[in-house]
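We count ligands from 1, going down the list as the structure has it; atoms in each ligand are counted the same way. Nothing here was measured: the structure is a model prediction, and the numbers come from that model.
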Amino acid sequence: MTAPVTTAPSWIDEFPARIAALDAAHLRRRRRAVLPAAGAHLLVDGRPMLAFCSNDYLGLAGHPALAEAACAGARAYGVGSGGSPLVSGHSQANALLEQELAQFVQLPRALYFYAGYGANVGIVPALVGAGDALFSDALNHACLIDGARLSRATVHRYPHADLAALAALLAASDARRKLVMTDAVFSMDGDVADIRALLALCQQHDALLLLDDAHGFGVLGPQGRGSLAEAGLAGAAASPRVLYMATLGKAAGVAGAFVAGPEPLVEWLVQKTRSYIFATAAPALLAQALRASLGLIAAGDGRRAQLAARIAQLRAGLAPLLAGSPWQLGPSGTAVQPLVIGANDEALAVMEALRERGLWVPAIRPPTVPEGTARLRIALSAAHTEADVQQLLAALAEVHARLHPPCPPTGESALPDPA
Ligand SMILES: *Cc1c(COP(=O)(O)O)cnc(C)c1O
């Protein structure tokens, strides 16, 4: 006997209409096929564009020394890792990379992951569970939020960077295990968390602090050692209640992530992080590329100074344009420069006008950022030249003048001449 064929409409037939609804709301995301050209220039769907949307903050992603290390790594180890790290996938290259990462960020031990998303969704549930309490900045990255959901701990979300609110939530919690988690550099605003104040609160309330330094590693701190080193909390000053996580696909120019901290905490993560245990290890060729990248970052060949110069140039160049404008530049000293436009359709119009001029700057809209703060997320890099940033400034001035024409001076002279 077969079940009768159902005639009711199936939810499986609804996907085309649901995609059309995304389209209608301007929420449908599209991918573009990208081919790197020189510096920050790309071929995007075959068309030359100057990109301000890459997280390759030091311009290392296309560095020949990294490519060579990856090729040599593939020749020595093969391309695939063959297994999860707890079985056969933990290559000698991955082991050496972990030692070098720990040394670079000046923490006792590091654990290397194939991706930052995979790291955070696994680390958080390994640390806390049902009955425990999590304290999370409202602007944290999606993978910390997803890790929190998977953990089943009670989540307390505090307003962005509001340490008084965090202190009150910590004081009110009677959970024995408390975990505070925050981006160290916020990915859509570029502002930096007050790590020393966060740690002081964690000490006061016996909480553990998990920092996600995806946008600070390689860029901030002495020699690019990251936000924790910048806060003076690495090396001899390292705290037993801080776990430092960073990604390796941004400033480091490759892919992957790591978490570093006290030996017993990192050993616990090896034992309990499901996304580590049940996933194939990152290939050794990536670890070899990362070791080359770390060497270049530590050697400090002027890339961080080049990036700092571009940040200063952009901010100084935008200041006259933004005086009296509804557009506002967020207070960021990092490579992520948020130009807040406000309304979604205006942010999209600006992105489109820049695209017509060969400039690729992504518009970021709610729900990724709060309602009414649609923005251009301008990502700067050591790969940008002074002329590149000048080109962006000139285009923004043109688009701004078109959308917000300067008010004519008041009085008779503002009236058209009588014919
Ligand atoms: C990019 C990013 C991640 C995810 O890292 P991937 O290696 O890209 O998976 C995690 N946290 C933050 C803050 C990020 O910006």
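For Y112, the ring pair (Phe, Tyr, Trp, His ring centres under 6.0 Å) criterion is met by no residue, not counting sequence neighbours.
Listed by number with element, the atoms of ligand 1 under 4.0 angstrom from any heavy atom of H215 are 14 (C), 15 (O).
In this structure, F52 has its ring center closer than 6.0 angstrom to the ring center of H384.
For R241 and D206, the salt-bridge test passes: some basic side-chain N is under 4.0 Å from an acidic carboxylate O. A salt bridge is defined here as a Lys NZ or Arg NE, NH1 or NH2 lying under 4.0 Å from an Asp or Glu carboxylate O, and E230 with R225 fails to meet this definition. A salt bridge is absent between D137 and R157; no separation between the charged side-chain nitrogens and carboxylate oxygens falls under 4.0 Å.
Under a 4.0 Å heavy-atom criterion, G256 is in contact with ligand 1. Contact annotation: G249 has no heavy atom less than 4.0 Å from any atom of ligand 1.
For atom 9 (O) of ligand 1, the nearest non-hydrogen atom of the protein is Y117 N, 2.8 Å. Looking only at heavy atoms of the protein, atom 7 (O) of ligand 1 is closest to G116 N, 2.8 Å. For atom 11 (N) of ligand 1, the nearest non-hydrogen atom of the protein is D212 OD2, 2.5 Å.
With a heavy-atom cut-off of 4.0 Å, C143 touches ligand 1 through its side chain alone.
Heavy-atom proximity to atom 14 (C) of ligand 1, evaluated over K250, M245, M188, is greatest for K250.
Looking at ligand 1, you won't find any N or O of T247 less than 3.5 Å from one of its N or O atoms. Annotation: D183 places no N or O atom under 3.5 Å from an N or O atom of ligand 1; distance criterion only.
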Just list the side-chain donor-acceptor pairs under 3.5 Å for residues 65-81, sequence neighbours left out, or say none.
residue	atom	partner	partner atom	Å
E68	OE2	R75	NH2	3.3
Y77	OH	A93	N	3.1
S81	OG	A281	O	2.6

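Summarising the geometry of A110 relative to L101, their closest heavy-atom pair is CB-CB, 4.1 Å, with the distance given to 0.1 Å.
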